[in-house]
Amino acid sequence: LAGRLGWEVLAEAIARALTDLALAHRTALAARLRAALHESLADAVGDAAALGCWADILLGYRVRAVAPGGSGCAAAASLWPGGSVWSRILGFAVSVEALAGGLHAVSRGFLHLTQQPPCWQGHHVTLQESHLRGVTVRGDDGWGTAFRLLPALRDARTVRVAGFADAARRARILPALRKALTILCKRASLLECSFCDRHIGENVDLPTPRKLTAARRASQSRGGGILIGNGPLAATRSGERRFDIHIQALRPGERLDIGVTSLSPHDQFADRVSSSRTHRQVAFAEDLLSSWIIESSGLLVGSHAGLRIRDGRWNARQLISGDLVSLVITMAGELVLRVNGEHRASWRAQIPPCAVYPVVDLFEGSPRLQIVPMESG
């Protein structure tokens with residue numbers, strides 16, 4: 001190999017090493033190659049072109065490897081000397097699609113790594129519906145693959161539960177997950193309600209992994225600023241349901257609407273086509289189904305017939321950066337708004353005692369806010 005340069009030489013040298021070295025050295029080298037390949041694949045998750053290139057490499061090579069004798073096999077042999085060795089190195093990549101979806105556990109070694117607490121230390125973890133599929137719940141105890149991972153999450157900062165297509169199943173799993181985290185992950189905070197990142201206004205970004213902070217991109221047009229919580233409001237010890245919004249940035253005069261809906265984000269947008277086969281436009285919070293929305297002018301609107309109640313004491317355009325806005329649903333179904341703990345306005349909305357999800361409409365401008373995590377009970 002003296003005097004020869006290029007990736008072909010590297011491939012040939014590694015292939016010869018994996019063939020000729022003693023077993024212990026071959027094993028150590030193979031483990032390092034797996035780790036390097038996994039890191040390269042993981043780095044490509046956010047790059048569609050690179051991910052496509054890896055997909056072509058892995059899929060194409062797998063096809064060549066199982067169909068010897070053709071021109072494809074000859075191409076593979078020239079590209080990867082010692083093809084059978086490289087097939088074992090590359091074969092640990094179970095699914096490029098899984099990588100693109102955020103699942104990086106593609107080898108036994110990496111799976112073992114994910115079960116170690118240092119792997120998750122200081123991180124924000126999101127549990128998707130697919131991660132909790134197959135979980136069995138009896139009372140407030142749960143069993144399943146996701147629950148077996150919890151001891152490894154003991155040093156994580158937060159564990160966020162994403163929105164489910166099956167909201168009832170999410171509600172059944174949460175108490176068991178809450179109990180397990182209390183026992184196994186005392187340092188991790190459970191985020192039961194954050195902003196849904198699948199059903200969101202087109203002009204809104206959720207810039208942090210916890211999906212608690214939302215920012216509207218500056219735009220000349222209004223609308224496209226809808227935010228819905230992915231979990232229902234929990235009741236406080238007094239029986240009230242509430243959520244708090246911390247305003248991080250709001251320019252004078254910018255409009256902000258706030259309210260609740262009794263439909264989960266998935267159910268809200270499950271059928272965007274009406275019976276007349278025309279698309280239901282959802283540009284503003286007041287367009288949501290089964291909703292109670294307080295406009296910036298103090299007018300309570302929504303999808304319920306005759307629901308137009310005004311409290312002139314409320315003017316959201318007077319809010320400023322740093323304000324803490326609390327929306328409260330009393331046990332009588334009344335809507336109350338407080339700012340920095342002070343009562344500002346109320347509406348006899350007659351909201352039934354059903355699950356309701358927080359709604360915020362960043363109507364215009366470029367405001368930035370954060371939904372404050374609430375503890376149940």
Side-chain angles (χ1 to χ4, degrees), residues 193 195-196 199-201 203-204 214 216 222-229 232-236 240-248 250-265 268 282-365 367-372 374:
C193 181
F195 288 128
C196 177
H199 303 287
I200 186 175
N203 292 323
V204 179
R216 191 181 196 278
R222 295 177 174 179
I226 296 177
L227 295 158
I228 307 177
L233 301 184
T236 64
E240 297 178 338
R241 292 168 288 171
R242 63 177 282 183
F243 72 95
D244 296 343
I245 293 293
H246 176 241
I247 299 177
Q248 298 179 337
L250 186 68
R251 295 178 180 176
E254 288 183 338
R255 174 175 171 176
L256 183 79
D257 297 351
I258 188 170
V260 294
T261 174
S262 61
L263 293 180
S264 71
Q268 186 72 241
V282 184
F284 307 102
E286 63 186 55
D287 299 325
L288 295 173
L289 301 175
S290 300
S291 61
W292 296 263
I293 306 298
I294 303 169
E295 294 185 344
S296 62
S297 63
L299 180 65
L300 176 64
V301 298
S303 55
H304 301 275
L307 185 64
R308 294 187 71 84
I309 309 170
R310 184 183 298 277
D311 188 328
R313 295 174 295 177
W314 180 253
N315 183 357
R317 296 184 187 275
Q318 295 179 348
L319 295 172
I320 60 174
S321 300
D323 279 344
L324 181 70
V325 180
S326 304
L327 183 145
V328 179
I329 304 174
T330 68
M331 295 185 66
E334 184 180 27
L335 269 176
V336 176
L337 281 180
R338 302 169 183 158
V339 178
N340 301 324
E342 297 181 0
H343 179 98
R344 289 293 180 88
S346 59
W347 297 260
R348 291 186 177 182
Q350 298 181 344
I351 299 176
C354 60
V356 290
Y357 298 77
V359 175
V360 179
D361 189 352
L362 304 183
F363 189 88
E364 61 187 350
R368 180 186 178 99
L369 53 77
Q370 181 184 70
I371 185 169
V372 181
M374 300 291 291

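Please read these numbers as outputs of a predicted model, since none were measured by experiment.
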* To do: Under the side-chain hydrogen bond (donor to acceptor under 3.5 Å, both in side chains) rule, collect the residues that match up with Asn203, sequence neighbours excluded.
  => none

* Structure fact -> Shortest non-hydrogen pair, Ile247 vs Leu369, comes out as CA-CB, 4.2 Å

Atom pairs and distances, donor-acceptor, side-chain atoms in residues 340-356, under 3.5 Å, two or more places apart:
unit_1, atom_1, unit_2, atom_2, d
Asn340, OD1, Leu324, N, 2.8
Asn340, ND2, Asp323, OD1, 3.0
Trp347, NE1, Gly298, O, 3.0

Which pairs would a plain distance check flag for residues 328-338, meaning a side-chain donor or acceptor within less than 3.5 Å of a matching protein atom at least two apart in sequence or in another chain?
unit_1, atom_1, unit_2, atom_2, d
Thr330, OG1, Ala332, N, 3.3
Thr330, OG1, Glu334, N, 3.1

* **Point-to-point distance, once rounded to the nearest 0.5 Å, from CD1 of Ile228 to OH of Tyr357** => 10.5 Å

* Looking at residues at least two apart in the chain, or sitting in another chain, which of them share a side-chain contact (heavy atoms from CB on, under 4.5 Å) with Gln318? -> Asn315

* Asked: Are side-chain heavy atoms of Trp314 and Val339 found at a separation under 4.5 Å?
  -> yes

Exercise answer: donor-acceptor pairs, residues 252-263 side-chain atoms, under 3.5 Å, sequence neighbours excluded:
unit_1, atom_1, unit_2, atom_2, d
Glu254, OE1, Arg251, N, 3.1
Glu254, OE2, Ser366, N, 3.1
Arg255, NE, Asp257, OD1, 3.1
Arg255, NE, Asp257, OD2, 3.3
Arg255, NH2, Asp257, OD2, 3.0
Asp257, OD1, Ser296, N, 3.0
Thr261, OG1, Leu263, N, 3.2
Thr261, OG1, Gln268, NE2, 3.0
Thr261, OG1, Leu289, O, 3.0
Thr261, OG1, Ser290, O, 3.1

* Structure fact -> Correct closest heavy-atom pair for Asp244 and Ser326 would be OD1-OG, 2.8 Å

* **Gap between atom CG of Leu227 and atom CD1 of Ile371 - 0.5 Å precision** => 9.0 Å

* Structure fact -> Closest heavy-atom pair, Phe284 versus Gly223, reported as atoms and distance to 0.1 Å, is CE2-CA, 3.3 Å

* Asked: Short question: side chain of Thr236, backbone of Arg241 - any donor-acceptor pair under 3.5 Å?
  -> no

* Asked: If you measure from CZ on Arg368 to OG on Ser321, what distance do you get to the nearest 0.5 Å?
  -> 11.5 Å

* **Selection residues 353-364 - residue pairs positive for salt bridge (charged side-chain N to carboxylate O under 4.0 Å, His left out), sequence neighbours left out** => Arg222-Glu364, Arg317-Glu364

* **Minimal non-hydrogen separation, Gly229 against Pro265, with atom names** => O-CG, 3.3 Å

* **For the student: nearest non-hydrogen atoms of Ile294 and Leu327, plus distance** => CD1-CD1, 4.5 Å

* **Gly225 versus Arg216, closest heavy-atom pair with distance** => CA-NE, 4.4 Å

